[in-house]
Number of protein chains: 2
Amino acid sequence: MPLKNTGTEQLIKDTAKRLLFAEGKLHATTQDIADAAGVNRTGLHYYFRSRDQLIAAIFDEAMQELSQRLNECMTADQPFKAKTKHIITVFLRHMVVFPYQETFLVTEMNTLGKKLITNIKSDPVKSYLKEAAAEMEKGNIGKMDPVHFLMNLFSLLSYPLIMAPLYKKLFQVSGKEFNALIEEREGIIMKMLFRK
Amino acid sequence: MPLKNTGTEQLIKDTAKRLLFAEGKLHATTQDIADAAGVNRTGLHYYFRSRDQLIAAIFDEAMQELSQRLNECMTADQPFKAKTKHIITVFLRHMVVFPYQETFLVTEMNTLGKKLITNIKSDPVKSYLKEAAAEMEKGNIGKMDPVHFLMNLFSLLSYPLIMAPLYKKLFQVSGKEFNALIEEREGIIMKMLFRK
DNA sequence: TCTTATTTTAACAATTTTGTCTAACAAAAA
DNA sequence: TTTTTGTTAGACAAAATTGTTAAAATAAGA
């Protein structure tokens, strides 16, 4: 329990998240993080004991945040289509700022194995899947395993932002053009999912 | 120019690619790579001089390979829909084996800045985009900036495989179930793109 | 076989990155 | 003010990672 609470602990975590999730510097060292935060590297050990524990803390928070965002969106009291549109809005807004959060989570899961198992509520997702199935019955969306619908949704949302640097090269798109495209994504995704 | 050519140089590159692209161990050290290849770490320096140059070599090859795969698919002499289906087949097959190749490319671009600029032919992509535009005119696919069509295609293709470990957690899907879903992807993606 | 160029290995050195220890500093409580 | 607790900073140590050197092993050609 910090008594003074100078905000340094939070600053370190926020800075690390900025480097890792926003700038995609997945190899950031403790020195990199300390420098970016404008604190002595020792502070990092004071608060988190080791680099691994800092990473673990960030991993946990990111996982919780993602799961919570997911659950809040999916249990919102709205009809299915509006709810889905809301998911797109919320997740796109987040992806624009932190495009590499999911990449970080996956690569850490790969290197650290299955150690960091934060328990996640899966009920909200399940109920959203049920709603999707119901919509399929009604003929509002194409019939498929609802999990495909969910994967489609998140693919269309996330992938372009994650791969932005690569797309710009491969497809010869400028930063300006790309941003304009992202602006249009919400509409495009809705059309894809609901074949309006 | 190697005279004896014992295949070690290739073995090192292939092993590194396996660790990086297949297993997603993006923090692999030279020792990790040497061990996995069953060679002395010195060999790695003998052939590539430094870790950075090994990474650069792999980056280059991966970029070339991706660009070439892209171009071959896009200049195939086929009608648009069949061509697109072929793209899905080819890229899915590759993603199943090397899900993290694109992630590697992006994170390296982020850390190394814009140093590694391998020149890429963009004409094949451009002509594919033109074909897509023509299909939209014909009403075969929904009207949008053709680049969106391309982003949709690759999003639906790649993202589920990249994020597999995360999906399995968030959506409570077993490995077996997940593989079954991936089997179905090609059909799903075709339906999404061509709203058949 | 002897020579030569290439490849592999072992020992060592340098660098980078992480972790520790101690003391100084700051602020609230006694 | 003194004490106590929590925070920051500097110097140092340890570990991990990368890089170098020189010598041994290997295979091909003269």
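Lettering follows sequence order; numbering is per chain, from 1.
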Length of the [atom1]-[atom2] vector between [X] and [N], whole Å:
{"X": "A:Arg51", "N": "D:dT17", "atom1": "CZ", "atom2": "P", "value": "11 Å"}
{"X": "A:Leu44", "N": "C:dT20", "atom1": "CG", "atom2": "P", "value": "13 Å"}
{"X": "A:Phe48", "N": "C:dT18", "atom1": "CZ", "atom2": "C1'", "value": "16 Å"}
{"X": "A:Asp52", "N": "C:dT20", "atom1": "CG", "atom2": "P", "value": "12 Å"}
{"X": "A:Arg49", "N": "C:dT18", "atom1": "CZ", "atom2": "C1'", "value": "14 Å"}
{"X": "A:Tyr46", "N": "C:dA24", "atom1": "OH", "atom2": "C1'", "value": "14 Å"}
{"X": "B:Glu9", "N": "C:dT6", "atom1": "CD", "atom2": "P", "value": "13 Å"}

Are there more than 12 heavy atoms of other residues, nucleotides or ligands under 6.0 Å from atom CZ of A:Arg69?
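More than 12 within 6.0 Å, yes.
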For the NZ atom on B:Lys126, are there more than 12 heavy atoms of other groups (residues, nucleotides or ligands in this structure) within a distance under 6.0 Å?
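Enclosed.
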Does a nitrogen or oxygen in the side chain of B:Tyr47 sit under 4.0 Å from OP1 or OP2 of C:dT8?
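For C:dT8, OP1/OP2 do have a side-chain N/O of B:Tyr47 under 4.0 Å.
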If we count only N and O atoms by modelled type, under 3.5 Å, do the side chains of B:Asp32 and B:Thr29 hold a donor and an acceptor together?
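Side-chain D/A pair, B:Asp32 to B:Thr29: present.
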Distance-only donor-acceptor check, side chains A:Ser50 and A:Asp52, under 3.5 Å:
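Distance-only check fails for A:Ser50 and A:Asp52.
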Could you tell me how the ring of [X] sits relative to the ring of [Y]: parallel (under 30°), tilted (30 to 60°) or perpendicular (over 60°)?
{"X": "B:Phe59", "Y": "B:Phe104", "result": "tilted"}
{"X": "B:His27", "Y": "A:His27", "result": "perpendicular"}
{"X": "A:Phe149", "Y": "A:Phe194", "result": "perpendicular"}

Residues from residues 32-42 of chain B sitting under 4.0 Å of DNA chain C, heavy atoms only?
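Of all residues in residues 32-42 of chain B, the ones placing a heavy atom under 4.0 Å from DNA chain C are B:Asn40, B:Thr42.
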Heavy atoms within less than 4.0 Å of DNA chain C: which residues of residues 17-31 of chain A have one? Give them sorted by number.
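Of all residues in residues 17-31 of chain A, the ones placing a heavy atom under 4.0 Å from DNA chain C are A:Thr29, A:Thr30.
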Side chains of residues 82-92 of chain A: which donor-acceptor partners sit under 3.5 Å, not counting sequence neighbours?
{"unit_1": "A:Lys83", "atom_1": "NZ", "unit_2": "A:Met74", "atom_2": "O", "d": "3.1"}
{"unit_1": "A:Lys83", "atom_1": "NZ", "unit_2": "A:Ala76", "atom_2": "O", "d": "3.2"}
{"unit_1": "A:Lys83", "atom_1": "NZ", "unit_2": "A:Glu131", "atom_2": "OE1", "d": "3.4"}
{"unit_1": "A:Lys83", "atom_1": "NZ", "unit_2": "A:Glu131", "atom_2": "OE2", "d": "2.8"}
{"unit_1": "A:Thr84", "atom_1": "OG1", "unit_2": "A:Phe80", "atom_2": "O", "d": "2.9"}
{"unit_1": "A:Thr84", "atom_1": "OG1", "unit_2": "A:Tyr128", "atom_2": "OH", "d": "2.7"}
{"unit_1": "A:Thr89", "atom_1": "OG1", "unit_2": "A:Lys85", "atom_2": "O", "d": "3.0"}
{"unit_1": "A:Thr89", "atom_1": "OG1", "unit_2": "A:Glu186", "atom_2": "OE1", "d": "3.1"}

So do the side chains of B:Ile120 and B:Leu70 get within less than 4.5 Å of each other, counting heavy atoms only?
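No, every pair of side-chain atoms sits at 4.5 Å or beyond.
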